[in-house]
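Naming: A, B, ... by sequence-line order, numbering from 1 per chain.
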Amino acid sequence: MNLSWQPVEPAYKTYLQLVVITDMVILALIGLIIYILPTEWQWLPQPLWVGIPWAVFTLAMTFIWPSRRLQFTAYARPDEAVFLRRGALWQTTRAVPINRIQHVEVRQGFIERTLGLAHLVLYTAGSSGADLSIPGLKLATAEQIKHELIQTITQQPIAQETHE
Amino acid sequence: MNKLSWHRTPLLTIVFFAAKEIRALVRNITNLLPVLAAVVVTDKLWVTYSVIGAYLTYIVIRAVLNQRYFLYSLADDAIHLRSGILGKTNLTLKYERIQQAEIDQSWYLRPFGLVTLRIDSAGSAGKEVEIPGLSMTRAHYLRERMLDGTATVDATTECVAGTDAVAEQAVNTAVTKPVKHIQFPLGEVFRAGLIDNKIFVIFAVLMYPITQGDFFEELVIPWLTKQLSFIQSSAIMSIGIVVLTILVMFFIAIGLTMLRYYNLQLTVVDQLYQARMGLLSIRTLGFRYEKLQRVQIRQNIRSRLLRRYTASVNQLQPRATGQQQESTTFVLPILTVEQLSQFCQWLGLPRTDTLLWQKIHFISLLHPSFWIALTAPAIALTCYFNDVTGLVSLAIAAGTWVLLQAYAVARWHRYGFVIEHGWLAKRHGVFGRKENWYPLYKTQQISVYQSPWLRVLGYAHLVIHSAAGTEMIKYQPYQTAVALQQEWVQRIGTDFRRWM
């Protein structure tokens with residue numbers, strides 16, 4: 001089986017960068033508050049010892065990680081399943097057979113909405129937190145895939161008895 | 001929809017609702033610690049009594065109201081429940097979605113010929129539905145209908161009555177369908193008690209209140225030391241006391257297991273598997289074959305010495321289920337080799353001695369070996385700086401390293417998987433052994449996972465998410481893993497057999 005991998009929108013990279021920056025700014029704010037508050041804590045290191053690693057980490061996470069992640073993230077839709085690969089360093093390729101899908105959901109967070117992105121989540125039974133979530137899709141694409149999946153599921157033959 | 005006829009459970013079931021309240025109290029005991037502390041700390045006796053009295057009244061009132069507001073109705077295809085005192089709940093459950101049904105003859109309802117029907121559904125909330133105070137006949141009829149799913153129940157099952165209904169029913173249906181039956185004698189149940197020894201659980205339960213709060217430290221321990229001071233003079237006596245306590249607890253643990261599994265019998269009629277067990281409370285667990293999602297065969301050190309096996313069958317496990325898994329799983333605690341192969345044959349497991357278990361590549365030893373190799377110098381240094389002579393610390397370090405490394409190699413040697421007749425099986429474990437069998441066509445998701453380390457080596461983990469849990473097959477060559485994933489997904493995606 002040869003899978004034709006569909007890349008996700010390039011805006012996904014911007015989305016990841018925004019998420020990283022938001023998180024790092026929150027971290028920095030917490031750090032600032034700790035340093036500014038008049039306390040007698042002697043154990044705090046010099047601000048630079050915290051600031052430089054923070055800056056290096058932020059730069060790496062903003063400029064290296066999202067592009068790597070975007071490069072690898074892709075999905076494929078052969079007839080009987082949905083495949084998704086994602087991750088940057090720790091990579092997972094996940095596959096869900098279409099006849100095991102329980103329900104489909106299109107989700108849009110705040111940052112995603114400003115970029116016109118959405119993600120599509122496929123749920124299966126059982127295993128918690130092991131759902132397939134395709135990020136970085138255009139809202140219209142996500143809706144369309146959802147529609148197609150639901151069409152396919154409803155057209156499937158009714159489950160037969162296992163009795164032999 | 002035609003009008004539903006609502007039933008109320010008998011008055012006796014107030015006991016059931018009270019028992020439920022008490023169980024909830026035990027589960028949430030940590031939330032009540034402030035109250036307990038107040039009770040213990042105060043020197044006014046009336047505070048203690050009023051707190052206990054108030055709580056008892058509360059339980060009784062709640063139980064009475066719960067019984068009063070609990071209504072059930074049985075339609076042709078679904079069961080409807082209404083419950084709740086202030087917050088009302090309406091629940092509808094389709095018969096065909098039921099994974100497992102259990103008839104529980106609790107010891108307090110048994111003398112009155114009443115039973116509790118407990119149902120596991122496939123819902124995501126992990127909710128267990130319980131209907132107390134049904135008559136045996138009715139419960140059996142209902143369970144039959146639920147597990148049948150298709151609501152085609154012949155008249156023979158309806159007229160079954162009495163406590164021996166299972167056996168009777170087996171006799172009734174024997175005319176048309178072949179009945180398979182295993183009876184477990186008392187000796188076997190005793191062995192099950194040995195294997196499934198909950199001594200550490202009892203320890204934990206006893207230790208829990210001791211570690212909570214200062215009450216025990218301030219009052220109980222001084223009292224104990226005072227009472228037992230004569231023992232401290234003799235070492236043999238104190239050792240004797242400890243040994244005796246452990247022995248007593250050991251036998252209590254065996255007794256508890258025996259109470260639970262007393263007179264265990266397994267009956268298979270057509271596709272319906274049921275196990276009946278218990279001395280005081282009799283439980284009858286049942287599931288239909290097509291709901292099976294996983295079979296687990298376990299052996300711990302004790303059962304390996306006794307040459308016995310434990311088998312359990314799992315159905316769809318809803319998300320976010322609590323710790324109560326153990327109590328509702330279909331478990332056969334003790335099986336001889338012959339019984340196990342018999343049971344496997346009934347379930348259609350291709351489990352034979354000639355199975356070719358596939359090993360994983362020995363490169364998987366690299367990662368644990370690295371950490372084990374690191375511990376050896378750490379141990380040597382720790383010993384050395386704690387005033388152990390250099391030679392002895394070296395010997396200790398080397399000995400530990402050899403043991404740990406041998407264990408790692410043994411683990412790798414025992415790790416294996418096999419795909420046979422549409423079943424996927426994985427085994428692992430050195431001392432205690434475990435085998436998990438999954439019907440491959442019921443798999444929900446399949447992942448290929450690569451950490452940076454695995455990518456350097458060119459290997460990947462294959463993760464199989466079944467409806468009853470996740471299984472990982474480690475260290476497959478990357479190309480093989482991808483090929484297996486695609487092949488299996490295609491097979492599952494084109495298999496339209498009923499999977500739940």
In Å, rounded to the nearest 0.5 Å, how long is the span from [atom1] of [X] to [atom2] of [Y]?
X         : Y         : atom1 : atom2 : answer
Gln485(B) : Arg94(A)  : CD    : CZ    : 10.0 Å
Phe83(A)  : Gln486(B) : CZ    : CD    : 5.0 Å
Gln450(B) : Thr93(A)  : CD    : OG1   : 7.5 Å
Leu454(B) : Gln91(A)  : CG    : CD    : 11.0 Å

Note to self: For the residue pair Thr124(A) / Gln445(B), report whether a side-chain donor-acceptor contact shorter than 3.5 Å exists.
What the structure shows: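 Yes.
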
Neighbour count above 12 (heavy atom, 6.0 Å) for [X] [atom1]:
X         : atom1 : value
Trp90(A)  : CH2   : no
His361(B) : NE2   : yes
Lys180(B) : NZ    : yes
Lys426(B) : NZ    : yes

Check: Closest heavy-atom contact between Pro97(A) and Val489(B)?
Finding: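 It is CB-O, 4.4 Å.
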
Next item on the list: Heavy-atom pairs under 4.5 Å with chain A are the metric here; pick the option from Val463(B), Thr494(B), Thr443(B), Val482(B) that has the most.
Entry: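 Most heavy-atom pairs within the cutoff with chain A belong to Thr443(B).
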
Notebook entry, point to check: Can you say whether Ala88(A) sits under 4.5 Å from chain B via the side chain, the backbone, both, or neither, judging by heavy atoms?
Noted result: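 Answer is backbone: N, CA, C or O of Ala88(A) sit under 4.5 Å from chain B.
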
Check: Looking only at atom types and distance, does a side-chain atom of Arg455(B) sit under 3.5 Å from a main-chain N or O of Leu89(A), one as donor and one as acceptor?
Finding: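 Here the side-chain-to-backbone pair exists.
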
Notebook entry, point to check: Where the side chain of Asn99(A) meets the backbone of Ile492(B), is there a donor-acceptor pair that is under 3.5 Å apart?
Noted result: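 Yes: the side chain of Asn99(A) pairs with the backbone of Ile492(B).
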
Note to self: I'd like to verify something: which residue of Leu84(A), Ile98(A), Asp79(A), Thr92(A) has the highest number of heavy-atom pairs under 4.5 Å with chain B?
What the structure shows: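 Option with the greatest count: Thr92(A).
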
Notebook entry, point to check: Hey, are the side chains of Val96(A) and Gln444(B) touching, using non-hydrogen atoms and a 4.5 Å cut-off?
Noted result: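 No, side chains not in contact.
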
